[in-house]
Q: 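Provided herewith is a single structure, encoded as structure tokens, for subsequent inquiry.
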Amino acid sequence: MVLEQYLGPIRPHVIHAAVALGNKMQAYGIEPPAHANLTDALVITVLVLTITVLGIALSTLLSRRDPRNAVLIVGISGDSDAPAVGKTALFKSLRYGTLPKHGTVPSMTVNDATFVPHGLSISAPPMRWIDFPGHPRLRHKMHAYLQMAKCIVFVVDGQRFTAQARKDTELLFTILTDPFIAEKGTPLLIFCNKSDVANPTKTVTVQTRLEAELERARASSVTTLRSAGVAVDGSGNQGALADEEERAQLGYENEPFSFDHAPGPVTFASGSAVNNDVEAIINFARSSFL
Amino acid sequence: MIDEFCIFESGGTVLWRRSFVALKGDPLAILVRSVLLEDRLSLPELSFDCYTLRWVLDNERGLFFVVIFQRLLPPAYADDLLHMVRKEFTKRYIRPADNPSAKGNTPFVVDCDPDFDQFAPHFERILASAEKKSMTAGATSRNAEGKKRKPVKPPAPDITSPDPNREAEQDPETLDTGLSTLSAEDVVKKNREAFIRKHVSRKSKAAMGAMKMKPKPSAIDSATTPTRSVGGKVMRPSNKATQDAGPTLDYSTGKPQEDGAIADDEVARFRDQFMNAAPNSAYDIIEDSDDDEFDEEDGDGVNESSAPLGGVLNYFKGLAGMRNLTKADLQPVMENFKDVLIAKNVAQNIAEKLIESVLNSLEGKKMESMTSVTTTVRSALDEALTRILTSRQSTDIVAEIAAKQGTGRPYVITYCGVNGVGKSTSLAKTCYYLLNHGYKVMIAACDTFRAGAVEQLRTHVRCLGEGVELFDRGYGKDAAAVANDAIRKAKELGYDVVLVDTAGRMQDNEPLMRALAKLVEVNRPDRVLFVGEALVGNDAVDQLSKFNQALADHQNAAAPRLIDGIVLTKFDTIDDKVGAAVSMVYATGQPIVFVGVGQTYMDLRKINTRSLVKALLK
């Protein structure tokens with residue numbers, strides 16, 4: 001078997017390399033194998049390496065083609081005088097049908113699992129669910145997770161919505177103006193948790209209030225300050241930088257914002273993690289995955 | 001005497017908890033928000049209200065073990081208990097970590113086994129043994145050693161009370177358990193059970209009430225021995241009066257009378273010891289022996305890495321992502337990063353705290369495959385810095401003003417800081433920024449001290465043109481009154497924003513700090529911005545914390561207004577030495593609202609976290 005004859009133009013180089021290798025081996029006191037074998041060995045090594053590299057590159061390319069494979073649960077974090085909004089509770093409720101027996105604390109990392117929601121038949125296709133923590137200190141990581149989202153469940157607290165509306169808006173605005181979300185038009189479900197309490201906020205109220213607040217947020221974001229950073233290249237110049245975050249535009253100018261103008265379809269639903277009343281979320285997720 | 005023991009995971013699920021009394025509020029949430037998410041793991045414990053929390057982390061699996069107890073009743077065995085429970089719990093439930101076939105989405109699948117109730121008996125056993133251990137330690141050596149352990153354990157926070165007194169002043173319950181060590185083991189057990197039963201049955205409010213009635217240790221620390229023990233005895237009935245089930249709670253029934261006598265005797269005895277003994281040397285010895293226990297654990301890591309063959313093996317294990325990080329691995333790398341941070345002008349103590357916090361959060365973690373310790377540390381530090389510099393609440397002043405516009409009251413921003421940092425200039429820049437948003441702004445010239453201050457502002461107002469007005473009362477007036485008048489006038493005339501300029505003051509100048517606190521208290525501004533130079537190093541923290549402290553100390557209101565935003569000026573002069581930003585934010589937890597980058601009105605920016613972190617770790 002002599003492979004070198006198929007090498008075409010690079011044949012002299014390979015032969016040269018084989019000779020060099022043989023000489024080297026001799027210099028180390030090892031009896032070199034036949035010249036033809038050495039050439040073959042070289043060719044095969046190069047071939048195997050090329051195929052491996054190509055394979056790895058191809059597989060990463062393929063897997064990266066659509067990374068959006070998850071249902072992302074987001075929402076604000078509770079604070080010292082208001083208990084949690086219930087994202088982790090919802091996540092657990094979807095997964096096990098019950099709440100964590102001993103309650104929850106504010107999440108510090110995402111909960112990320114692939115499972116068939118509780119209550120559906122085992123044969124249903126499993127979905128990946130990600131529960132993203134609401135604490136503002138962790139918000140800088142959200143962009144990465146938004147890119148994994150096939151659809152987004154935005155949880156608001158049905159009990160304290162009025163008090164938290166501004167915070168909700170702030171987060172919602174960040175999501176809606178995220179360039180990736182704006183481009184892909186990821187569907188969004190605004191889910192009013194805690195429908196089990198007395199007088200939960202109605203979804204209509206949530207919609208009108210959020211629209212009004214978003215309109216306000218949009219107006220004030222028109223002329224925000226540029227950000228100041230440090231020129232890492234060492235030029236010592238201050239001022240706006242290349243990595244200044246891009247924000248997409250929300251809605252249309254000269255027209256009050258309504259959720260019809262959002263980049264993707266926005267729907268509203270209410271339910272309760274406590275009573276495992278999460279039908280709306282499951283239906284929403286399934287319809288997004290179809 | 002713990003109130004609750006709790007195990008939770010970083011995803012937010014509480015895996016297991018055992019409450020002995022109902023807790024007021026949600027201490028766990030506060031722990032997560034104010035320590036774990038704020039990168040303050042360098043703290044040994046967290047105290048607030050009447051609780052103290054101690055914790056142990058299991059970074060490898062993202063588990064947190066927390067013990068909550070009454071601040072005034074620190075149990076000697078808290079740390080032992082935490083370590084023992086961690087060992088037991090991880091041994092019992094977390095095998096999948098080293099068993100790849102059972103791997104879920106997360107490195108371990110604690111999640112899938114929600115039935116942790118079986119852990120309860122094990123916990124009880126551990127608790128009992130921990131209690132017994134601390135008690136026998138006290139019983140075997142009645143003199144100094146055993147008893148002094150207790151004061152050693154609870155570290156710094158309440159140093160106000162000299163330790164021996166605190167020991168003696170503790171709730172009668174402690175004395176009871178203390179004396180029960182004299183009796184046989186079963187009595188210990190019985191007492192403990194009775195105590196737990198009582199605590200569970202007792203309503204939390206009653207418990208709180210009892211806590212409040214207890215005299216503060218520091219209040220009577222100069223009292224003499226006999227009066228104090230009498231005080232202790234008087235306390236007993238008053239404390240029990242809040243409960244109805246009298247007889248079951250009377251611990252003295254088991255061993256009538258003599259116990260009480262011994263108790264007094266005991267108290268008197270070891271108080272004498274504390275007063276006569278030379279404390280320091282004894283302390284050192286005990287602390288050493290305490291540390292040894294922990295060193296044993298850490299020691300393994302050191303030995304492993306010091307052996308040459310083990311070193312090579314470890315290196316490959318590290319490459320394959322199979323090695324857990326030990327303190328010994330991390331320490332030298334951390335030192336390097338600390339130097340890097342300090343070189344970037346981060347205040348020294350802040351850098352130390354930060355590094356320690358990151359170290360605590362990394363220890364025991366599995367390294368990712370194909371990474372070195374340095375890259376692991378770098379990414380952890382990167383994340384921690386990003387988290388610190390990412391603000392907790394919105395820094396969007398404009399949105400806040402818009403929200404307040406309908407209320408009929410102007411939005412008030414007060415600027416404070418030391419001399420010459422650029423308060424008036426920053427104020428003028430903010431004013432320009434707000435004018436561009438179409439707001440009507442009134443500037444209150446409350447620097448009634450420095451010559452030319454009012455004229456400087458007047459010049460600014462002229463330059464800024466339409467929509468802005470200066471309110472001044474000349475020099476020598478009370479700043480608080482001037483601000484108050486300005487706000488009233490702004491309200492009448494329908495201005496949206498009032499910017500209050502104050503005189504620069506050094507952080508140690510008490511009368512002036514008092515005046516500032518008065519100004520803030522009287523006018524209740526919506527924002528109190530601290531203006532600081534980006535040039536300062538170690539002094540940044542001193543300035544900020546003293547301003548904050550002064551505001552807290554000199555206001556009478558229940559919830560004093562503190563600094564809730566930072567303006568970083570002269571940012572254009574520091575090249576890449578941006579450490580002051582980190583120092584200031586970490587010292588207060590408040591966000592950087594504006595950054596001043598030049599001389600013109602347009603040179604106002606917000607912070608770019610990403611590039612700051614990059615510059616810091618370059």
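Worth saying up front: this structure is predicted, and the values here are computed from it rather than measured. Every chain is numbered from 1 and lettered A, B, ... according to where its sequence line falls, protein lines coming before strand lines.
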Q: R387(B) and L138(A): side chain to side chain contact (heavy atoms under 4.5 Å, CB included), yes or no, with the steps?
A: CA-CA 6 Å; R387(B) 210 159 42 211; L138(A) 302 171; 3.6 Å; yes
Q: Sequence neighbours left out, what passes side chain to side chain contact (heavy atoms under 4.5 Å, CB included) with E4(B)? Give chain and number order.
A: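 Applying side chain to side chain contact (heavy atoms under 4.5 Å, CB included) to E4(B) gives C6(B), R17(B), S19(B), L23(B), L28(B), I68(B).
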Q: Which value, rounded to the nearest 0.5 Å, describes the distance between E9(B) atom CD and N111(A) atom CG?
A: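 Going from the CD atom of E9(B) to the CG atom of N111(A) covers 6.0 Å.
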Q: Taking all atoms of both residues into account, what is the closest heavy-atom pair of S107(A) and G11(B), and its distance?
A: OG-O, 2.5 Å
Q: Please classify the contact between T109(A) and chain B as side chain, backbone, both or neither, with a heavy-atom cut-off of under 4.5 Å.
A: both
Q: Taking atom CD of E255(A) as the centre, does the number of heavy atoms from other residues, nucleotides or ligands within less than 6.0 Å exceed 12?
A: yes
Q: Kindly state each residue pair satisfying ring-ring contact (aromatic ring centres under 6.0 Å, His included) with at least one member in residues 138-179 of chain A, sequence neighbours excluded.
A: F132(A)-Y145(A)
Q: Locate the shortest heavy-atom distance separating F8(B) from M108(A); write the atom from each residue and the value.
A: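 Reported closest heavy-atom pair: CE1-CE, 3.8 Å.
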Q: Considering only heavy atoms, which portion of P106(A) lies under 4.5 Å from any heavy atom of chain B: side chain, backbone, both, or neither?
A: both
Q: Relative to chain B, which segment of R166(A) carries a heavy atom at a distance below 4.5 Å: side chain, backbone, both, or neither?
A: side chain
Q: Counting only non-hydrogen atoms closer than 4.5 Å, does K87(A) touch chain B with its backbone (N, CA, C, O), its side chain (CB onward), both, or neither?
A: neither
Q: Which atom pair, heavy atoms only, marks the closest approach of A403(B) to R216(A)?
A: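 Between these two residues, the closest heavy atoms are CA-NH1, 3.7 Å.
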Q: Measuring only between side-chain heavy atoms, which start at C-beta, is T390(B) closer than 4.5 Å to H135(A)?
A: no
Q: About how many Å separate CZ of R137(A) and CD1 of I388(B), when rounded to the nearest 0.5 Å?
A: 7.5 Å
